[in-house]
Peer 1: 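Could you have a look at this structure, given as structure tokens, before my questions?
The analysis underlying the following values was restricted to heavy atoms, covering all of them including side chains, and did not include hydrogens, waters or symmetry mates. Just so you know, these numbers come straight off a predicted model, no measurement behind them.
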Amino acid sequence: MDNPPSTLQEILKTLESEDTLDLNRVTSLLDQVDCKSSELTEPDKMMLSSERMAFRFAPDSDFGKTNWGTYYGPCTIINDGDNKVRIGPSIDRVTPEMLEYWIDRANEATHPILRARYADLVWDFSSKVTGKPAGVALAQMAIDSGVEAVVANRCKYFFTAWSLLKRSLRLALSLHDDERAKRTVAVAIDYDDAQSKPGARNAWGHSFDTLLNTKGVPLTDDQRNRIIAGLENSLSVSSSATGNGEFHDPFAAKDAAQRLVDYYRRHKHHEDVRRVVALFGEGVISASNNVDDLMASAWLKDAFDFAASSHDKDTADRLAFAMRQKPLNIKDKGQVFKWESEITPELIEKFLSELLEGDEDEALSRIVSHYVPKWDEQKEQVLRIAKTCVFTSIIRQTIVDPSGREVASVGSVEDDLEGRVVLHMANNMNYVAYFLCLAFQRWFSKFEITVDKLCERLLSSPVFTQQAKCALSRGLRAYFEKDHVTAIHLLLPQVEAAIREFLIGGGVSIYRQNKFGGIDYRTLGDMLGDALVKEVFGEDVQRYFKVLLVDSRGWNLRNTVCHGIADASVYVQSHSDRTLHVLLLFSLLKRKSITERVGDPYEH
């Protein structure tokens with residue numbers, strides 16, 4: 001083949017002479033060549049383009065597997081919107097001449113990393129570009145060169161070494177080349193043994209994932225035992241105290257524990273599963289005593305999830321107890337961000353005047369409707385915020401109660417849009433709480449609403465029975481007296497009772513069979529999910545009910561109060577107002593006459 005221009009020649013010589021090679025350095029040096037130089041001939045430009053593309057294709061590419069049927073794929077994928085995707089480089093730019101160039105380079109190159117890349121590209125792309133497969137000798141060259149690079153310590157970084165080892169093993173298995181597969185396995189285990197530091201993250205993890213979790217790998221019993229022993233040692237070290245009383249990274253312990261549990265469960269070694277989970281759990285409990293409560297709570301919760309998913313109830317119980325022992329005040333631990341906005345009294349007065357126009361019923365209907373969050377509006381706000389606050393839109397958000405218990409978590413906007421909208425809705429309900437309170441107070445004053453008058457209004461709805469009159473009356477009186485503990489405890493159960501009566505009136509069962517052969521009432525969450533709720537009230541109201549009452553990502557007011565886990569922060573004006581808001585929403589419900597009942601028995 002013709003010699004490349006001197007600048008490119010010098011770069012290739014430099015790369016060949018380097019003891020350890022970093023692929024990023026290869027592309028960086030190649031980019032220094034001026035491709036527009038007048039000194040470059042057309043063959044020179046083809047050589048330069050071939051070299052640059054050879055190291056810009058990404059190995060083990062999901063895009064390549066899905067779209068090209070290849071191991072390599074583009075290193076850059078940009079979605080322009082409207083289902084338009086720009087990629088670089090594309091396999092369409094690879095020509096038969098370029099493949100021939102790579103074959104020549106594979107035969108010439110002395111550095112095993114370079115040789116492995118050239119040979120592997122030709123093996124991977126030939127059938128797609130020319131319609132004919134490359135010779136097996138190129139695949140064998142890629143395998144041998146990859147293994148040589150690891151044995152001779154020519155890889156600058158461990159991830160380069162493992163990429164070569166994984167590819168060499170995959171090629172050897174696809175060729176049914178048992179000898180090369182065994183050699184690759186032996187080199188991989190020796191490399192992991194030399195590189196893995198017991199107690200460090202991912203120690204022996206690559207050997208486990210690549211060799212034990214891949215079908216057809218020719219592993220001996222000694223090799224398998226060596227990997228498991230390495231993981232056991234790493235778990236032991238990372239779950240124990242050091243000489244100075246400090247603890248190793250609990251995430252390193254989990255790396256080892258997860259793999260060991262997976263292995264022992266597959267081989268039905270149930271005692272070993274329990275032993276590993278218990279050792280990991282005790283290590284995290286001990287380590288949590290050396291960090292602040294916020295970090296300790298996160299560690300313990302993660303370990304609790306792992307123990308529970310491993311079906312180790314004893315360890316999960318010990319971790320749960322440890323979590324309860326950690327006093328946690330989120331307000332003291334977290335950073336406070338303040339946002340201020342000024343609303344003039346004139347604007348507030350104008351808003352309230354418009355809201356309370358008309359007679360008593362019209363004003364109430366307008367208040368109730370206005371303070372039901374609209375799901376599509378909330379979703380649109382979340383998506384709009386995500387465009388300007390990118391970082392917060394991609395990180396998982398965790399919701400904890402005052403005791404430090406993690407009650408729910410919400411993923412990124414892309415992965416968990418519904419959860420993000422629920423969280424956003426719950427926050428918005430807090431923001432507008434003051435104005436809902438003002439609206440109620442103005443409605444009470446303008447139309448001379450008393451406890452008895454309000455109680456009569458509720459009882460006029462078909463979903464409130466005379467049996468509820470006592471609790472409603474006393475609860476409303478407590479509300480007017482700002483006794484929120486009493487008001488919420490008395491009025492909130494009437495919301496659930498109203499839902500039951502609503503379903504009964506619609507001919508829907510409110511029962512479910514229990515395990516003792518008897519009949520239980522359906523849970524509130526189950527009833528709120530009933531199709532009749534959505535049919536009569538609409539999706540916005542149905543979602544509002546869930547977020548307010550039973551969704552742990554939202555206010556979850558009913559569950560927090562009725563399960564006895566509410567603290568003083570729950571018994572406040574805003575929660576009393578929202579409880580009253582739901583009751584008044586039900587008061588707008590009227591039963592249709594017999595002749596009007598076509599689909600459902602209600603009008604709202």
Side-chain angles (χ1 to χ4, degrees), residues 1 15-16 21 23 26 50-51 53-75 89 91 93-152 154-155 159-191 206-207 209-211 213-219:
M1 57 179 277
L15 295 174
E16 294 279 14
L21 198 58
L23 293 178
V26 176
S50 299
E51 290 290 349
M53 287 182 65
F55 297 96
R56 282 205 172 98
F57 282 111
D60 202 14
S61 165
D62 289 335
F63 185 95
K65 295 172 194 172
T66 303
N67 296 277
W68 302 345
T70 58
Y71 171 74
Y72 289 93
C75 66
I91 194 174
R93 294 181 58 195
V94 179
T95 64
E97 292 75 21
M98 195 174 287
L99 293 176
E100 288 297 328
Y101 176 83
W102 287 338
I103 291 174
D104 290 341
R105 287 291 294 131
N107 290 319
E108 290 177 354
T110 59
H111 201 296
I113 293 180
L114 300 178
R115 195 165 60 243
R117 173 58 66 96
Y118 296 130
D120 199 13
L121 282 169
V122 177
W123 174 257
D124 195 36
F125 286 163
S126 283
S127 61
K128 306 297 179 182
V129 175
T130 67
K132 299 177 182 179
V136 171
L138 284 163
Q140 293 171 337
M141 182 187 293
I143 296 170
D144 296 339
S145 300
V147 172
E148 179 189 341
V150 177
V151 172
R154 305 298 296 275
C155 303
F159 50 79
T160 303
W162 273 108
S163 178
L164 290 169
L165 288 169
K166 291 176 182 178
R167 179 57 174 167
S168 295
L169 180 60
R170 184 181 301 180
L171 287 173
L173 293 176
S174 68
L175 296 177
H176 304 288
D177 192 331
D178 196 49
E179 181 180 343
R180 282 185 168 84
K182 287 180 178 178
R183 173 162 168 70
T184 305
V185 167
V187 170
I189 293 176
D190 288 341
Y191 182 77
H206 288 289
S207 286
D209 297 342
T210 304
L211 306 179
N213 278 354
T214 303
K215 291 183 179 180
V217 175
L219 270 175

Peer 1: Filter on side-chain hydrogen bond (donor to acceptor under 3.5 Å, both in side chains), then keep only pairs touching residues 129-149, sequence neighbours left out; what's left?
Peer 2: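 Qualifying pairs, neighbours excluded: R115-S145, R115-E148, D144-R180.
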Peer 1: Taking all non-hydrogen atoms of both residues, which atom of V122 and which atom of L99 are closest, and how far apart?
Peer 2: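 Closest approach of V122 to L99, heavy atoms only: CG2-O, 3.7 Å.
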Peer 1: Would a 4.5 Å heavy-atom cut-off, applied to side chains only, mark T70 and K65 as touching?
Peer 2: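 No, side chains not in contact.
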Peer 1: side-chain contact (heavy atoms from CB on, under 4.5 Å) for F57 and V94? Distances and angles first, verdict last.
Peer 2: CA-CA 11 Å; F57 282 111; V94 179; 3.8 Å; yes
Peer 1: ring-ring contact (aromatic ring centres under 6.0 Å, His included), that's the test. Do F63 and W68 meet it? Break it down for me.
Peer 2: CA-CA 7 Å; F63 185 95; W68 302 345; 5.7 Å; yes
Peer 1: For residues R117 and P59, determine if any side-chain heavy atom of one lies less than 4.5 Å from a side-chain heavy atom of the other.
Peer 2: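 They are in contact (side-chain heavy atoms under 4.5 Å apart), so the answer is yes.
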Peer 1: Set out, in order, the CA-CA distance, both residues' side-chain angles and the distance that settles ring-ring contact (aromatic ring centres under 6.0 Å, His included) for Y118 and F55, then state yes or no.
Peer 2: CA-CA 9 Å; Y118 296 130; F55 297 96; 5.7 Å; yes
Peer 1: For a quick check under 3.5 Å, do E51 and Y101 share a side-chain donor-acceptor pair by atom type?
Peer 2: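 A pair is found: one side chain offers a donor N or O, the other an acceptor, under 3.5 Å apart.
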Peer 1: Answer yes or no: is there a side-chain heavy-atom contact under 4.5 Å between Y71 and L121?
Peer 2: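 Answer no - side chains too far apart.
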Peer 1: Nearest 0.5 Å, please: how far is NE2 in H206 from OG in S163?
Peer 2: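 So the OG of S163 and the NE2 of H206 are separated by 10.5 Å.
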Peer 1: Just by distance, no angles: are the side chains of D120 and Y72 close enough, under 3.5 Å, to form a donor-acceptor pair?
Peer 2: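 Yes.
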Peer 1: Check A181 against L173 and note the closest heavy-atom contact, atom names and distance.
Peer 2: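 Heavy atoms of A181 and L173 come nearest at CB-CD2, 4.2 Å.
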Peer 1: Specify the closest pair of heavy atoms between C155 and L164, including all atoms of both residues, with the distance to one decimal.
Peer 2: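 Result for this residue pair: SG-CD1, 3.8 Å.
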Peer 1: Nearest heavy-atom pair of H111 and L15: which atoms, and what distance?
Peer 2: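 The pair with the smallest heavy-atom distance is CD2-O, 3.6 Å.
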Peer 1: Can you tell me how far the CZ atom of F125 sits from the NZ atom of K128, to the nearest 0.5 Å?
Peer 2: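 Spacing of CZ (F125) from NZ (K128) equals 10.5 Å.
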Peer 1: Should I113 and L23 count as side-chain neighbours, where that means a heavy-atom distance under 4.5 Å?
Peer 2: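 A side-chain contact under 4.5 Å exists here.
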Peer 1: Under the rule for side-chain hydrogen bond (donor to acceptor under 3.5 Å, both in side chains), what residues qualify as partners of T110, not counting sequence neighbours?
Peer 2: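 If we apply the side-chain hydrogen bond (donor to acceptor under 3.5 Å, both in side chains) test to T110, skipping adjacent residues, the hits are E16.
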Peer 1: Between P89 and P74, which heavy-atom pair has the shortest distance, and what is it?
Peer 2: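 In this case the closest contact between P89 and P74 is O-CB, 3.4 Å.
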Peer 1: Are any of the side-chain heavy atoms of D190 and V151 separated by less than 4.5 Å?
Peer 2: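 Not touching, per the 4.5 Å side-chain cut-off.
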Peer 1: What I'd like to find out is whether the side chain of I103 reaches to under 4.5 Å of the side chain of M141, using heavy atoms alone.
Peer 2: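 Of all side-chain heavy-atom pairs linking M141 with I103, none is under 4.5 Å.
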Peer 1: Closer than 3.5 angstrom, by distance alone: can the side chain of T214 be matched with the main-chain N or O of V217 as a donor-acceptor pair?
Peer 2: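 Pair absent, no side-chain N/O of T214 close to backbone of V217.
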Peer 1: Evaluate the criterion side-chain contact (heavy atoms from CB on, under 4.5 Å) for residue pair L21 and L114; output intermediate values, then yes/no.
Peer 2: CA-CA 9 Å; L21 198 58; L114 300 178; 3.7 Å; yes
Peer 1: Regarding R170 and D60, does a basic nitrogen lie under 4.0 Å from an acidic carboxylate oxygen?
Peer 2: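 Looking at R170 and D60, the cut-off is met.
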Peer 1: Would you call L169 and I143 a side-chain contact if the rule is heavy atoms closer than 4.5 Å?
Peer 2: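 Answer no - side chains too far apart.
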Peer 1: I need the T184 OG1 to I189 CD1 distance, nearest 0.5 Å.
Peer 2: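 Rounded to the nearest 0.5 Å, the OG1-CD1 separation comes out at 11.0 Å.
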Peer 1: Does any non-hydrogen side-chain atom of L171 lie less than 4.5 Å from one of W123?
Peer 2: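 Yes, close enough: below the 4.5 Å cut-off.
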Peer 1: Mind listing the closest non-hydrogen atom pair of A142 and A119 along with its distance?
Peer 2: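 Closest approach of A142 to A119: N-CB, 4.0 Å.
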Peer 1: Got a second to check how far M53's CE is from I91's CD1, nearest 0.5 Å?
Peer 2: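 Separation between the atoms: 9.0 Å.
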Peer 1: Rounded to the nearest 0.5 Å, how far does CG of L219 lie from OG of S207?
Peer 2: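 It comes to 9.0 Å.
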